[in-house]
> 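The structure under discussion is supplied below as structure tokens; questions concerning it will follow.
On a predicted model such as this, the values are computed, not experimentally measured, just so you know. Atoms within a ligand are numbered from 1 in the order they appear, just like the ligands themselves. One-based numbering along the sequence shown.
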Amino acid sequence: MPDLPLFCVKMRASAAGAHVSGAERIVPAARVPEVAAALAARALAHPKGTPDDIRIRVEPAGDPLRIPALPVATERTATAAEGLARAAELLAADGVARVPEIMALFRETYAMRGAMLLDADTLERLEPDRARGVRATRMDAAPEGSGPCAAPAAPGGSGALPRPLAKNHFAEAIVLASKVQAAPGIVAEICVSDDPDYATGYVASKSLGYRRITTIKEKGDPCGGRIFLFRGPRSLVPDCIRFLQERSVLVEGVPAAPPEPPARPAR
Ligand code: WAQ
Ligand code: MG
């Protein structure tokens with residue numbers, strides 16, 4: 001049983017109204033002060049610059065749903081074109097129709113803070129707010145061991161690093177992707193970071209697991225986004241959005257680091 005009460009600690013930093021960084025954790029009450037301080041330090045140390053507004057919000061997490069992390073595999077690609085083609089191929093093999101149209105819609109996500117929620121078959125957009133998109137929130141990696149008090153929590157890994165000071169793209173993304181695939185009606189996700197220096201993206205589904213694609217955009221490109229693909233009756237959409245935005249989730253078995261891709265063939 002988790003050591004209750006647990007709290008969601010969220011940080012959001014902006015400069016001149018523009019988003020700079022954000023992060024969140026779910027921790028026992030006793031760790032809230034330490035985690036809030038670490039998230040504030042992370043906001044202040046962000047490579048994009050010093051924010052002029054940092055918000056730390058602490059809310060009761062209730063009794064989080066515990067789900068396993070999606071299995072992780074790495075696909076090695078050399079160029080953005082190759083990576084996008086691989087993403088399309090994986091989605092198509094997973095039963096997603098109209099993949100080229102979905103990939104074409106991806107550019108419309110670039111300006112959004114959240115994800116596009118797209119009907120996988122009709123390609124209707126289901127987000128209530130199209131400019132913002134849908135945000136998955138209230139999630140963290142479950143600490144290794146029995147309860148949330150057992151060890152410093154995982155995203156970022158081993159505990160040797162001052163974790164919250166640097167964004168661990170992989171650890172945060174596997175938590176988000178695992179929660180998203182647990183949402184009612186979600187069948188797949190595609191993600192490209194908006195961090196200009198981070199060219200690795202992924203596609204995820206229950207059957208594909210979390211498939212990292214080492215190069216899915218060119219280095220230096222600030223455009224990124226996410227699409228959550230939904231399949232089901234319209235009446236399920238509110239449940240899906242509520243789960244993504246409100247249900248606290250702890251993801252178990254998050255690997256400290258992604259696995260190495262299969263060795264490249266000798267040239
Ligand atoms: N919920 C929904 N959409 C989000 C969220 C969220 N919590 N956070 C970000 N987005 C959307 C938003 O449109 C961003 O522009 C876009 O996703 C990319 O977000 O295994 O860093 O935080 O090494 O830049 C993938 C890791 C890293 C791959 C992805 O995404 C790997 C990443 P970013
Ligand atoms: Mg980013």
> Using 4.0 Å as the upper bound for N to carboxylate O, is an ion pair formed by E24 and R57?
no
> Can you tell which of Y198, F228, F170 gets a heavy atom nearest to atom 23 (O) of ligand 1?
Y198
> From the options I67, V251, V249, select the one residue that forms a side chain to side chain contact (heavy atoms under 4.5 Å, CB included) with V175.
V251
> Are D195 and H169 close enough that some pair of their side-chain heavy atoms sits under 4.5 Å apart?
yes
> Mind checking whether G225 has a heavy atom under 4.0 Å from ligand 1?
yes
> Looking only at distance, does L176 have an N or O less than 3.5 Å from an N or O of ligand 1?
no
> Show me which atoms of ligand 1 lie under 4.0 Å from any heavy atom of V192.
18 (C)
> Classify the contact between R212 and ligand 1 as side chain, backbone, both or neither, using a heavy-atom distance cut-off of under 4.0 Å.
side chain
> So if I count the atoms of ligand 1 from 1 in the order they appear, which ones are less than 4.0 Å from some heavy atom of A173?
25 (C), 26 (C)
> Would one find an N or O of T109, backbone or side chain, under 3.5 Å from an N or O of ligand 1?
no
> Judged by atom type as modelled, is there a donor-acceptor pair below 3.5 Å linking the side chain of K167 to the main-chain atoms of A23?
no
> Does the distance from a Lys or Arg side-chain N to an Asp or Glu carboxylate O, for E124 and R234, drop under 4.0 Å?
yes
> Do ligand 1 and A136 have nitrogen or oxygen atoms that lie under 3.5 Å from each other?
yes
> Counting heavy atoms only, which part of V134 comes closer than 4.0 Å to ligand 1: side chain, backbone, both or neither?
backbone
> R231 and side chain to side chain contact (heavy atoms under 4.5 Å, CB included): which partner among L236, V187, D119?
V187
